[in-house]
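Below is one structure; the comments refer to it alone.
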Amino acid sequence: MLKLYNSLAREKQAFVPIEPGRVRMYVCGMTVYDYCHLGHARVLVVFDMITRWLKASGFEVTYVRNVTDIDDKIIKRANENGEPYTALTQRFIDAMHADGAALGVQAPDHEPRATEYVGKMLDMIRALIERGLAYPAPNGDVYYAVGKFATYGQLSGKSLDDLRAGERVEVDPYKRDPLDFVLWKAAKPGEPAWPSPWGDGRPGWHIECSAMGSDLLGRHFDIHGGGQDLQFPHHENEIAQSEGAHGCKFVNYWLHNGFVRVDDEKMSKSLGNFFTIREVLAKYDPEVVRFFILRAHYRSPLNYSDQHLDDAKAALTRLYTALRGIAAPAVAIDWHEPYAASFKAAMDDDFGTPEALAVLFDLAAELNKGGEPKQAGLLKALAGVLGLLERAPEAFLQGGGEEGDYSAERIEVLIQERLAARKAKDFSRSDAIRDELKAAGIVLEDGPQGTLWRRE
RNA sequence: GGCGCGGUAGCAAAGCGGUUAUGCAGAGGAUUGCAAAUCCUUCCAGGGCGGUUCGACUCCGCCCCGCGCCUCCA
């Protein structure tokens, strides 16, 4: 039985889908005005892992991850670059897809873009006004009247009074309550705009997810996810909009992943302490990055540093090393088999990937003691559920690092030369060859089946 | 100020009221021409103070420290 931590209830709960056997999940994706950083990588990988586990558990999953392709920062960046905002967003959507694919992230079933849903958003805003939950202001903006939504604050555990006490934003004079948020933003001259009953403008940020979620998954669906920083105000406002406009429960389970940190501080655009996925992939194998992310529990903070990536690489190397030289058969997982059962128990407990990975290491140790090929198949199958160990071991072990002056062919030639030297008991020559390769980051390992090599 | 999360061995990171987490690093041994990989053995824990309990890293309270949200943010 899958249990997951529901931010709305602030506790782990048994997962019961609305429709038996089916899961409908929405995750807030990226605002596309720059390259994705590691924090974005975490959202991509974590919810990919969650989707894979739901599917492995037998659910049919509909996974929606949106793209915010219109907002202030996009307009600003496009103006700075002197290009149409659509050119900017398309470029970074393409980059995001490339980064995600590198990290082994499967494409969501739907990837709606905000600009495609302006009509649906206007419908919702209209409904909110009719229900007395929103009001147009004289400046052409439309605001949500937070005080009219009785349960506002349910997700973030904040009361309106507390929020007012902590208010530190300049108050918009057109808002009836400083905490009211914008649904529709009047366009300034020259800005991208769509026609509306309240004048030309563009949607506020929060309304897009309400509109896209209900359109693709229905007004009431199972899981809504995103980074912890979206819990308030974004997700709180989504609830107010969706439940306000539709008059029914919006989402049953809210999932929030923890931050990636640098020097114990949140990695973020505003702090400027971020590393893009591409920067990291220039130094580390994408699977190492994926492993690094899954090695921590999805709700825990994850500190980024080269040392931690090096650790992840060493750990992943151990798994691939265990599989080396074994013809692993394709195995259909029997979830009653002891290792598989432990793995499942870990994953069913709020997606406990650290413990699930520990099971893989136990299996690898078993394999190293002379286990059967079937166990190698099981190791690959279980790891595959997490999107790991899907390559041939040699491809991982020999693929890392820079090729430099040593191609695989050149290394083979040197190995043969060393072999001949060893046969002739010319150990100084054979050691010289190994030292030469070692200096280039290539390790030789003599075994019963001959000499194997890998890049460090 | 309000609300919330966390402090585990050298580093990273989990579960668990009593039994080896796991990976890397360290020590000893096996193996190896030498190595590497692997195996065996082993060292190193649970911020502080109280409480509950036969027994707490695990539950409760207080304190200290760190972090997050309350403003765009994954």
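Letters go in sequence order (proteins before strands), and every chain restarts at 1.
Among the atoms of the strands shown, only primed sugar atoms or phosphate atoms (P, OP1, OP2) are found under 4.0 Å from some heavy atom of A:L230. Residue contacts shown for A:F427 include a base, since a base heavy atom lies under 4.0 Å away. Among the atoms of the strands shown, none is found under 4.0 Å from any heavy atom of A:G153. Within the nucleic acid shown, A:G157 comes within 4.0 Å of sugar-phosphate atoms alone, with no base atom in reach, counting heavy atoms only. Among the atoms of the strands shown, none is found under 4.0 Å from any heavy atom of A:V359. Looking at heavy-atom distances under 4.0 Å, A:A315 makes contact with sugar-phosphate atoms alone, never a base. As judged by a 4.0 angstrom heavy-atom cut-off over every strand, A:A365 is placed among residues touching the sugar-phosphate backbone only. When heavy atoms are screened at a 4.0 angstrom cut-off, A:N257 is found touching base atoms of the nucleic acid. Backbone-only contact: A:N368 has heavy atoms under 4.0 Å from sugar-phosphate atoms and none from a base. A:H297 comes within 4.0 angstrom of the backbone, heavy atoms only, and of no base. As judged by a 4.0 angstrom heavy-atom cut-off over every strand, A:S270 is placed among the base-contacting residues. Using a 4.0 Å heavy-atom cutoff across all strands shown, A:R261 reaches sugar-phosphate atoms only and no base atom. Residue contacts for A:S159: at a heavy-atom cut-off of 4.0 Å it reaches no nucleic acid atom on any strand shown.
Rounded to whole angstrom, the span from the CZ atom of A:F351 across to the C1' atom of B:A13 amounts to 19 Å. Between the NE2 atom of A:H308 and the P atom of B:C11 there is a distance of 10 Å, rounded to whole Å. Computed from coordinates, the A:H235 NE2 to B:G4 C1' distance equals 17 Å when rounded to whole Å. One can place CZ of A:R454 at 10 Å from P of B:A36, the figure rounded to the nearest angstrom. Straight-line distance from the CG atom of A:D362 to the P atom of B:G15: 16 Å, rounded to whole Å. Between A:L319 atom CG and B:U22 atom C1' there is a gap of 10 Å when expressed in whole angstrom units. The distance between atom CZ of A:R65 and atom C1' of B:A74, rounded to the nearest whole Å, is 11 Å. The distance between atom OH of A:Y298 and atom P of B:A14, rounded to the nearest whole Å, is 12 Å.
To the nearest whole angstrom, the two C1' atoms, one in B:A27 and one in B:G33, are 25 Å apart. With both ends at atom P, the span from B:U8 to B:C67 equals 14 Å, rounded to whole Å. Comparing the C1' positions of B:C3 and B:A21 gives an interatomic distance of 34 Å, to the nearest angstrom. Taking atom P on both nucleotides, B:A12 is separated from B:U71 by 33 Å, rounded to a whole Å. Spacing of P atoms, B:U41 relative to B:U20, comes out at 12 Å, to the nearest Å. Distance noted for atom C1' between B:C65 and B:G28: 39 Å (whole Å). Rounded to a whole angstrom, the distance from the P atom of B:C24 to that of B:C40 is 13 Å. To the nearest whole angstrom, the two P atoms, one in B:C60 and one in B:G15, are 15 Å apart.
Taken from CG in A:L316 to CG in A:D311, the straight-line distance is 12.5 Å, to the nearest 0.5 Å. To the nearest 0.5 Å, atom CH2 of residue A:W453 and atom CD of residue A:E445 are 12.0 Å apart. Taken from CG in A:D229 to NE2 in A:H256, the straight-line distance is 9.0 Å, to the nearest 0.5 Å.
You'll find the ring centres of A:Y33 and A:F92 outside the 6.0 Å limit. Taking the six-membered ring where the residue is Trp, the centroids of A:F181 and A:H206 are separated by under 6.0 Å. Aromatic ring centres of A:F47 and A:Y63 lie farther apart than the 6.0 Å criterion allows.
Geometric assessment of A:K158 against the ring of A:F232 yields a positive cation-pi assignment under the 6.0 Å and 45° thresholds.
The partner of B:A36, taking Watson-Crick or G-U wobble pairs whose two distances both stay under 3.5 Å, does not exist in any strand shown. In this structure, B:U31 forms no base pair with any nucleotide, since neither Watson-Crick nor G-U wobble geometry is met with both distances under 3.5 Å. Of all nucleotides present, only B:G23 satisfies the Watson-Crick or G-U wobble test against B:C11, with each distance under 3.5 Å. Shown here, B:C5 forms a base pair with B:G66; the pair counts as Watson-Crick or G-U wobble because both key distances fall under 3.5 Å. A 3.5 Å limit on both hydrogen-bonding distances identifies B:G18 as the Watson-Crick or G-U partner of B:C54.
At a cut-off of 3.5 angstrom, counting only N and O atoms as typed in the model, there is a donor on one side and an acceptor on the other between the side-chain of A:R422 and the base of B:G33. The base of B:C5 does not come close enough to the side chain of A:R299 for any donor and acceptor atom to sit less than 3.5 Å apart. Below the 3.5 angstrom threshold, one finds a donor paired with an acceptor across the side chain of A:K158 and the base of B:C69. For B:G33, the base has a donor-acceptor partner in the side chain of A:D431 [N/O atoms by modelled type, under 3.5 angstrom]. For B:C24, the base has no donor-acceptor partner in the side chain of A:D310 [N/O atoms by modelled type, under 3.5 angstrom]. Between the base of B:A35 and the side chain of A:R434 there is a donor-acceptor pair shorter than 3.5 Å.
A:K266 has a side-chain polar atom (N or O) that falls below the 4.0 Å cut-off from OP1 or OP2 of B:C69. Close to B:G23, at under 4.0 Å from its OP1 or OP2, lies a side-chain N or O of A:R318.
Distance from the side chain of A:D162 is smallest for B:C3 among the nucleotides B:C39, B:U22, B:C3. Checking B:A14, B:G23, B:A37 against every side-chain atom of A:A296, the shortest atom distance belongs to B:A14. Comparing B:A74, B:G15, B:C24 by their closest approach to the side chain of A:A314 singles out B:C24. Comparing B:A12, B:U22, B:A74 against the side chain of A:H40 picks out B:A74 as the nearest.
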For a salt bridge (charged side-chain N to carboxylate O under 4.0 Å, His left out) check, start with the C-alpha distance between A:K175 and A:D141, then their side-chain angles and the critical distance, and finish with the verdict. CA-CA 9 Å; A:K175 288 182 181 176; A:D141 288 355; over 6 Å; no
Run the numbers on A:D263 and A:N273 for side-chain hydrogen bond (donor to acceptor under 3.5 Å, both in side chains), then give the verdict. CA-CA 9 Å; A:D263 297 329; A:N273 60 347; over 6 Å; no
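Ring-base stacking between A:F259 and B:G68 is not satisfied when judged by a centre separation under 5.5 Å and a plane angle under 30°.
Heavy-atom distances to RNA chain B give each of A:L38 and A:Y5 a nearest nucleotide, and the one nearer the 5′ end belongs to A:Y5. The 5' end of RNA chain B is approached more closely, in terms of each residue's nearest nucleotide, by A:S300 than by the other of A:E265 and A:S300.
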Can you give each donor-acceptor pair under 3.5 Å made by side-chain atoms of residues 365-386 of chain A, sequence neighbours left out, with the distance rounded to 0.1 Å?
residue	atom	partner	partner atom	Å
A:E366	OE1	A:Y339	OH	3.2
A:N368	ND2	A:A364	O	3.4
A:Q375	OE1	A:E372	N	3.2

